[in-house]
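Have a look at the structure below, then the notes.
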Amino acid sequence: MPPQVKPLPGPPQKFQGRKDYPIENKTDDWGLNPEAQETYVEVFRQKLEALGLWKPEIDFFTLRRFLRARTYDFDKAIKMWTDHVHWRRENNVDTILQDFHFDERDKFLDAYPQGYHKLDKVGRPVYIQLIGKINVPAIMKCTDEERMFKFHVQEYERCVKVIMPIASKLAGRKVDQTFGIMDVKGVGMSALTGDVKRMLGKFTKTDQDNYPEMLGHICIINAPAVFRMLWGIVKNMIDVRTQQKIEILGPNYMEALLKHMEIENIPEFLGGQSRGTLLDDVGPWSDPELMAANGIDVEALRRGDPAGAAPGPGLAAPTFGRTPSRLNSALGPMGSMFRTPTVGRTSLEANGAGPSAAASGPSAMLAASAAATVAQLQAIAENRSRSLQERVKVLENMLPTALERARPQAATDVSVRSAPEGSLLNRVEVLEDAVETVLLAQEALIIQAQQQAQLTETALADLRNRVATAEAKASSAKAGCCTIM
């Protein structure tokens, strides 16, 4: 669990800003009740206002996410928020939904299947990634790293400004986290080149620094046995709260998935009953009739106006049974390196499914990754990973010749680790290197054993020949002796 936080001294304070929904009536993971949470966020708001870093449109829940990302430490949260404000200004993030057009979206999503698909049982948008179907050469052919980065950020903004406000209004409470499904069937480490890891490290850092505390839970499905073995090692390096967000499942994942989603909301390509591909934006935000029935103005949300989905009674339920609109033409190109958008594919029009999109970044592409999750590891994890690296080096030194034969093209003197030191992604990279080295060493030992067996067999054959020759000579000598006699 995260370190427990003590309530601030003095009388409780009410948040003097926008708070569209009540605070959850429970103690949070940091040990604070709703009243204590509100006091912390209000003091944080006052400190930001004194620095000229708060605007009325910044709501309670956004500030709480940044505070939680820094364990309610004001100094650290102020530094994080200050950097975030500067980053938004430098990258023109406030208007990226209007200004940036990712025309290569469909080609990109064919090469990297991902997108939102409806809601889970508690109303969170469901984001799906088919990691095993990533085609890195095709990605690089259809776009470049700068445009992928903008697309990634644009989708996070779309999630924060459009997807989650709509999910919140339909749920009648604040929804500010997602539910993820990551299919790792067919994933191989060979695709994770140095350039890919470097790019993912950049995306991961962006996610952690600017969109914290947005992952509610993730199910990693079709995980092979070695993957589950890796998780059994790495999870002990992660705080308990992060462990609880990540669920590693093998090929028989449906029973576990049904604890989080209704069967009619799980897409057919994962064994459910919901039609539509990840090129389609299947979800209530893409149903114009539902939006109108609930008084939701999607265009206003995209402009950053929260009044577009103001809370209100008498909400119509999403049915996902109407013909979807052409979101690409209505909303412009939108999607993300990890969360994708648009609607109106032929399959949806034929079957009447709604659409959905997302917002998370290639942080997750790694592995296991669980991806993705953005928690910092405990201090003991650093010692473990360093110890692991030292043991790997010892192993490599023990079998230098065999390793070179097993890995003739490996640039062992060049590190391709790209994640920030101390991050979960960094630990996974260390484990990848360790497992790869162990496998190579095992292969080298097998090769050595085979070679030794061949040498032994050759020696035995030679010995047999010598014995046969000696026996033949002895037999001849014996025969000659008898003749002379």
Side-chain angles (χ1 to χ4, degrees), residues 96-98 100-120 123-130 151-170 175 178-181 261 264-270 272-292 294 296-302 308-309 318-361:
I96 198 169
L97 285 178
Q98 290 78 37
F100 179 65
H101 301 283
F102 196 59
D103 298 326
E104 60 268 40
R105 173 189 175 273
D106 283 10
K107 290 182 179 179
F108 174 73
L109 296 181
D110 279 335
Y112 189 167
Q114 55 181 295
Y116 270 134
H117 196 96
K118 299 188 176 180
L119 306 171
D120 70 359
R124 296 176 299 196
V126 177
Y127 167 60
I128 301 170
Q129 302 172 69
L130 307 183
F151 184 47
H152 176 67
V153 172
Q154 185 186 61
E155 275 304 286
Y156 257 117
E157 287 297 297
R158 179 172 179 264
C159 181
V160 171
K161 292 180 178 178
V162 180
I163 304 285
M164 286 180 171
I166 291 173
S168 297
K169 180 156 187 176
L170 294 176
V175 174
T178 62
F179 176 81
I181 300 175
M261 297 180 66
E264 59 266 23
N265 288 342
I266 299 174
E268 288 182 333
F269 58 81
L270 294 182
Q273 298 176 359
S274 178
R275 296 179 177 179
T277 73
L278 291 179
L279 280 173
D280 306 309
D281 195 17
V282 183
W285 42 86
S286 296
D287 186 333
E289 293 181 26
L290 179 64
M291 295 299 95
N294 287 288
I296 297 174
D297 186 342
V298 177
E299 272 301 313
L301 292 174
R302 293 185 67 243
T319 62
F320 306 108
R322 303 176 176 92
T323 302
S325 64
R326 295 279 181 180
L327 260 204
N328 268 346
S329 59
L331 303 183
M334 308 204 307
S336 145
M337 191 73 198
F338 266 27
R339 317 250 165 153
T340 159
T342 45
V343 189
R345 314 301 303 180
T346 303
S347 60
L348 280 184
E349 291 177 312
N351 298 310
S356 153
S360 167

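Numbering starts at 1 and runs along the sequence shown.
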Inset, instruction - Tell me, please, which residues at least two apart from Pro267 pass side chain to side chain contact (heavy atoms under 4.5 Å, CB included). - result: His117, Ile128, Phe269, Leu270

Inset, instruction - Just say parallel, tilted or perpendicular for the rings of Phe102 and Phe151, cut-offs at 30° and 60°. - result: parallel

Legend entry - Partners meeting side chain to side chain contact (heavy atoms under 4.5 Å, CB included) with Asp110 (sequence neighbours left out): Leu279

Inset, instruction - Working to the nearest 0.5 Å, report the span between CG of Leu301 and CD1 of Ile296. - result: 7.5 Å

Inset, instruction - Determine, stepwise, if the pair Gln154 / Leu97 fulfils side-chain contact (heavy atoms from CB on, under 4.5 Å). - result: CA-CA 6 Å; Gln154 185 186 61; Leu97 285 178; 3.7 Å; yes

Legend entry - Under 3.5 Å: donor-acceptor pair, side chain of Gln98, backbone of Arg302: yes

Inset, instruction - Look only at the side chain of Glu157 and the backbone of Ile96, and say whether a donor-acceptor pair between them is shorter than 3.5 Å. - result: no

Inset, instruction - Write down the atom of Gly308, the atom of Ala300, and the distance for their closest heavy-atom approach. - result: CA-CB, 4.0 Å

Inset, instruction - Would you indicate whether the side-chain heavy atoms of Lys118 and Val126 approach each other to under 4.5 Å? - result: no

Inset, instruction - Over all heavy atoms of both residues, which pair between Arg124 and Phe179 is shortest? Give the atoms and the distance, please. - result: NH2-CD1, 3.8 Å

Legend entry - Atom of Gln273, atom of Glu268 and distance for their closest heavy-atom approach: C-CG, 4.0 Å

Inset, instruction - Give the C-alpha distance, both sets of side-chain angles, the deciding distance and a yes or no for side-chain contact (heavy atoms from CB on, under 4.5 Å) between Thr178 and Met164. - result: CA-CA 9 Å; Thr178 62; Met164 286 180 171; 3.5 Å; yes

Inset, instruction - Could you check if a side-chain atom of Thr277 sits within less than 4.5 angstrom of a side-chain atom of Leu109, using non-hydrogen atoms only? - result: no

Legend entry - Shortest non-hydrogen contact from Val175 toward Pro125: CG1-CD, 4.0 Å

Legend entry - Any donor-acceptor N/O pair, Ser274 side chain to Ile266 backbone, under 3.5 Å: no

Inset, instruction - Kindly say whether Asn294 contributes a backbone atom to a donor-acceptor pair with the side chain of Lys169 at under 3.5 angstrom? - result: yes

Legend entry - Smallest separation among heavy atoms of Ala309 and Pro165, with atom names: CB-O, 3.9 Å

